[in-house]
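Letters go in sequence order (proteins before strands), and every chain restarts at 1. Nothing here was measured: the structure is a model prediction, and the numbers come from that model.
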Amino acid sequence: MSKITTPQAIRGTQDMLGEDALRFGHVVETFEHVRRLYGFGRVEVPVFEATAVFSRSLGETTDVVSKEMYTFEDRGGDSLTLRPEFTAGISRAYLTNGWQQHAPLKVATHGPLFRYERPQKGRFRQFHQLDAEVIGSAEPAADVELLVFADQLLHELGVAEGVTLTLNTLGDQATREAWREALIRHFEAHRDALSEESVDRLSRNPLRILDSKDPRDIPIAAAAPTIDDHLSSEAGAFFEAVTRGLQAAGVAWTRNPRLVRGLDYYRHTAFEFVTDRLGAQGTVLGGGRYDGLIEALGGPATPAVGWAAGIERLAMLIDAPAPAGIQAAIVPMGAAAEAVATGLLASLRRAGIAADMAYRGNMKRRMQKADASGARFAVIIGDDEIARGEAAVKNLVEGSQTMVPLDKVGEAVSR
RNA sequence: GCGAUCGUAGCUCAAUUGGUUAGAGCGCCGGUUUGUGGUACCGGAGGUUGCGGGUUCAAUCCCCGUCGAUCGCCCCA
């Protein structure tokens with residue numbers, strides 16, 4: 001007889017219980033609350049899509065597509081991919097459902113995402129994000145609203161301290177191309193002094209040299225031409241409008257001219273809320289304007305802007321939420337009392353009172369569980385109480401105990 | 001894909017330069033107390049030291065491999 005080996009969890013997945021689950025839930029609940037304040041409707045999209053949804057939006061040749069997506073064939077031979085981000089799926093839904101009629105569409109969602117990466121601090125293969133998008137508006141006011149939303153979320157989570165909003169503009173298409181060419185010229189001139197990785201980046205993704213961590217690259221990146229030298233007047237005015245909006249709303253920010261996005265469809269605003277409290281994974285919320293994406297999916301030119309935030313990373317930064325606790329724990333003694341207690345438990349819960357009862361155990365055991373559950377009251381029912389139509393209600397905080405008619409227990413434990 | 005560190009009870013950790021029966025706290029179960037929790041005391045269950053191989057009279061400890069975890073690099077939509 002061979003021993004059955006327990007299958008292990010997949011690398012980079014997490015199981016959460018207790019405090020971890022509380023933290024996660026608190027982040028999500030706070031997001032749901034704030035998103036309503038800003039008039040963002042809830043949107044639900046599938047966890048998997050045709051691979052083309054993501055490969056078109058990311059560019060077919062990138063490492064990201066070839067190595068870092070969970071892609072597989074279904075039984076019909078179609079290539080499917082577990083979503084590595086929200087934006088592409090929401091954009092696809094926008095097109096295939098005719099949501100243009102709702103433009104500008106303000107939507108928010110949260111849920112699991114999947115990337116085939118080596119796990120490290122704050123980085124998992126199945127991870128979870130909050131997401132907010134405004135699709136169909138080219139106004140800088142949309143960028144401002146999303147940024148103020150993000151800022152309020154971080155404040156309500158209590159993590160704004162030590163988190164800074166770093167902001168940049170990538171300009172319009174002409175700006176971006178001119179800047180890119182100037183950067184390549186600059187780095188090409190210093191090719192010999194760059195790190196091996198950055199020489200490689202030079203041909204693959206030159207903008208990324210700007211945020212290299214290698215000490216050899218940092219002075220060269222610091223001396224690189226900035227986008228401001230190439231900013232068209234329209235793009236400059238757009239950025240100006242965004243920063244004025246932030247000023248008016250009282251949101252603090254700092255300019256990071258080296259904040260970039262690798263993909264061509266990003267235009268204008270790019271931003272990241274960063275902290276130094278999470279090791280190498282300092283970005284807690286990031287996003288920007290992606291005016292070119294929906295066209296890349298075969299749709300009409302559609303301006304859009306959005307952000308996403310890692311739930312796990314936010315959960316690591318917040319203070320531990322207090323466990324919920326319950327109002328009343330029912331402690332029956334004997335079979336007759338259990339029947340009465342089952343009825344009382346149901347009526348308390350139907351009245352909106354959080355109550356619980358152990359499945360089994362003697363009185364001592366049940367009292368211990370009542371205490372451990374954080375209940376404020378224990379409702380003790382034995383044969384004596386049943387005979388009198390009463391229950392003994394014990395205040396577990398103060399230790400005092402009174403007899404209460406069964407139909408008044410709800411009031412007694414609501415104080 | 002690469003590098004560093006680490007795998008001992010359900011959890012957090014001990015165990016002398018390699019040494020004979022691998023310990024403690026917490027948790028769990030029971031008792032002191034068959035109708036009263038939190039504090040206290042007593043007892044109990046629970047281990048192939050991740051797995052496989054090697055060196056040795058002897059391996060939790062040293063060596064090799066493998067699996068896993070953590071942190072970092074790469075990447076970051």
Side-chain angles (χ1 to χ4, degrees), chain A residues 3 5-14 17-18 53-60 62-69 81 83-91 113-124 127 129 131 195-198 200-201 204-205 207-208 211-214 259-266 270 272 278-283 286-288 290 292-293 296 306-308 310 313 329 331-334 337 358 361-386 391-401:
Chain A
K3 185 169 182 337
T5 56
T6 304
Q8 41 196 337
I10 301 300
R11 179 198 290 265
T13 62
Q14 321 173 69
L17 184 68
V53 169
F54 305 112
S55 61
R56 292 221 184 100
S57 71
L58 296 172
E60 310 274 354
T62 59
D63 272 18
V64 166
V65 168
S66 54
K67 295 187 191 159
E68 295 179 25
M69 296 202 312
T81 294
R83 62 184 182 196
E85 56 155 349
F86 278 114
T87 307
I90 293 173
S91 297
L113 303 169
F114 304 85
R115 296 181 186 178
Y116 194 86
E117 299 185 291
R118 195 68 176 258
Q120 49 186 291
K121 191 179 186 70
R123 227 179 161 170
F124 305 91
F127 59 105
Q129 284 188 343
D131 185 89
S195 66
E196 302 78 36
E197 275 125 13
S198 285
D200 197 37
R201 286 183 184 114
R204 217 176 58 243
N205 196 353
L207 300 206
R208 281 287 165 201
D211 51 20
S212 170
K213 294 168 189 164
D214 194 297
L259 175 59
V260 293
R261 293 278 116 97
L263 296 163
D264 288 340
Y265 56 71
Y266 283 100
E272 291 181 1
L278 289 178
Q281 266 61 52
T283 300
Y290 53 96
L293 171 60
W307 55 251
R313 292 185 192 175
V331 179
M333 285 172 290
N362 60 22
M363 183 186 195
K364 178 188 174 69
R365 183 84 193 113
R366 289 170 184 270
M367 287 298 286
Q368 283 174 346
K369 281 192 173 163
D371 190 58
S373 74
R376 291 169 58 179
F377 293 93
V379 179
I380 301 160
I381 302 173
D383 292 339
D384 297 350
E385 284 78 9
I386 293 174
V393 174
K394 178 164 188 173
N395 183 321
L396 291 174
V397 180
E398 297 166 4
S400 58
Q401 183 169 324

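- The listed nucleotides are C76(B), G38(B), U36(B); the one nearest the side chain of K213(A) is C76(B).
- A donor N or O paired with an acceptor N or O is not found under 3.5 Å between the base of G38(B) and the side-chain atoms of D371(A).
- Residue R365(A) is classed as a sugar-phosphate contact, given heavy-atom separations below 4.0 Å to backbone atoms only.
- The two residues L293(A) and Y265(A) make their nearest non-hydrogen contact at N-CB, 3.5 Å.
- The interatomic distance linking N395(A) (CG) with G38(B) (C1') rounds to 13 Å, in whole Å.
- Taking atom P in both C64(B) and A4(B), the straight-line distance is 12 Å, to the nearest Å.
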**Trace of the side-chain contact (heavy atoms from CB on, under 4.5 Å) decision for K369(A) with V331(A)** = CA-CA 10 Å; K369(A) 281 192 173 163; V331(A) 179; over 6 Å; no
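- Only the C1' atoms considered, U60(B) is 11 Å distant from A14(B), to the nearest whole Å.
- In this view, R118(A) and R11(A) satisfy the side chain to side chain contact (heavy atoms under 4.5 Å, CB included) rule, not counting sequence neighbours.
- Here CG of L278(A) is found 7.0 Å from CZ of R313(A). Values are rounded to the nearest 0.5 Å.
- One interatomic measurement links the two molecules: CD of E197(A) to C1' of G3(B), which rounds to 12 Å at whole-angstrom precision.
- Between the C1' atoms of U48(B) and G44(B), the separation comes to 23 Å (whole Å).
- Nucleotides U17(B) and U12(B) place their C1' atoms 28 Å apart, quoted to the nearest Å.
- Taking 4.0 Å as the cut-off between side-chain N and carboxylate O, E197(A) and R204(A) do not count as a salt-bridged pair.
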**Complete:** With B for base contact, S for sugar-phosphate-only contact and - for none (protein heavy atoms under 4.0 Å), nucleotides 41-52 of chain B reads ------------
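- Judged by distance alone, with hydrogens and angles left aside, the side-chain atoms of R366(A) form a donor-acceptor pair with the main-chain N or O of G361(A) at under 3.5 Å.
- At a threshold of 4.0 angstrom between heavy atoms, the contacts of V260(A) with the nucleic acid are absent.
- Scanning all heavy atoms of the two residues, the minimum distance from L396(A) to A375(A) falls at CD1-O, 3.4 Å.
- Taking atom CZ of R123(A) as the reference point, atom P of G72(B) lies 10 Å away to the nearest angstrom.
- Scanning atom types as modelled, one donor and one acceptor separated by under 3.5 angstrom connect the side chain of K394(A) and the base of G37(B).
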Tabulated below should be each protein N or O lying under 3.5 Å from an N or O of nucleotides 33-35 of chain B; please produce it.
| from | atom 1 | to | atom 2 | distance (Å) |
| --- | --- | --- | --- | --- |
| G35(B) | O6 | D384(A) | N | 3.4 |
| G35(B) | O6 | D384(A) | OD2 | 3.0 |
| G35(B) | O6 | E385(A) | OE1 | 3.4 |
| G35(B) | N1 | E385(A) | OE1 | 2.9 |
| G35(B) | N1 | E385(A) | OE2 | 2.9 |
| G35(B) | N2 | E385(A) | OE2 | 2.5 |

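- Every side chain to side chain contact (heavy atoms under 4.5 Å, CB included) that A392(A) has, sequence neighbours left out, goes to I380(A), E385(A), Q401(A), M403(A).
- Of all the heavy atoms in D214(A) and S195(A), the pair that sits closest is OD2-CB, 3.4 Å.
- When heavy atoms are screened at a 4.0 angstrom cut-off, A370(A) is found touching no nucleic acid atom at all.
- Rounded to whole Å, atom C1' of G72(B) lies 14 Å from atom CD of E117(A).
- G23(B) and A40(B) have their C1' atoms separated by 24 Å, with the value rounded to a whole Å.
- In this structure, CD of E85(A) is placed 15 Å from C1' of C75(B), rounded to the nearest angstrom.
- Residue contacts for Y266(A): at a heavy-atom cut-off of 4.0 Å it reaches the sugar-phosphate backbone alone, with no base atom in range.
- Among the duplex regions that RNA chain B forms, those built from at least three successive Watson-Crick or G-U pairs under 3.5 Å are B:1-7 with B:67-73, B:10-13 with B:23-26, B:28-32 with B:40-44, B:50-54 with B:62-66, ordered by first number.
- Nucleic acid contact for G279(A): sugar-phosphate only, since backbone atoms but no base atoms lie under 4.0 Å from a heavy atom of the residue.
- Distance check, rounded to the nearest 0.5 Å: CG of N395(A) to CZ of R376(A) gives 8.0 Å.
- Residue R204(A) places no side-chain atom within donor-acceptor reach of the base of C75(B), judged by atom type and a 3.5 Å distance cut-off alone.
- Inter-residue side-chain proximity for R83(A) and F54(A) is flagged as met; some heavy-atom pair is nearer than 4.5 Å.
- Counting heavy atoms from C-beta outward, V260(A) and D211(A) have side chains that approach closer than 4.5 Å.
- Between S57(A) and Y290(A), every side-chain heavy-atom pair lies at or beyond the 4.5 Å cut-off.
- Here the P atom of nucleotide C71(B) and the CZ atom of R313(A) are 11 Å apart, to the nearest Å.
- Across the C1' atoms, A58(B) and U21(B) are found 15 Å apart, a figure rounded to whole Å.
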Enumerate the protein-to-nucleotides 67-70 of chain B contacts in which both atoms are nitrogen or oxygen and the separation is below 3.5 Å.
| from | atom 1 | to | atom 2 | distance (Å) |
| --- | --- | --- | --- | --- |
| G68(B) | OP2 | R11(A) | NH2 | 3.4 |
| A69(B) | OP2 | R11(A) | NH1 | 3.4 |

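- Atom P of nucleotide G38(B) and atom CG of L396(A) are separated by 11 Å, given to the nearest angstrom.
- With values rounded to the nearest 0.5 angstrom, T13(A) atom OG1 is found 10.0 Å from F114(A) atom CZ.
- Taking CZ from R201(A) and CG from L207(A), the interatomic distance works out to 11.5 Å, rounded to the nearest 0.5 Å.
- Comparing the same atom, P, in C51(B) and in G31(B) gives a spacing of 36 Å after rounding to whole Å.
- The CD atom of E85(A) lies 8.5 Å from the CG atom of D131(A); values are rounded to the nearest 0.5 Å.
- Comparing the same atom, P, in G19(B) and in A59(B) gives a spacing of 11 Å after rounding to whole Å.
- Taking atom CE on M367(A) and atom C1' on U36(B), their separation rounds to 4 Å, with Å as the unit.
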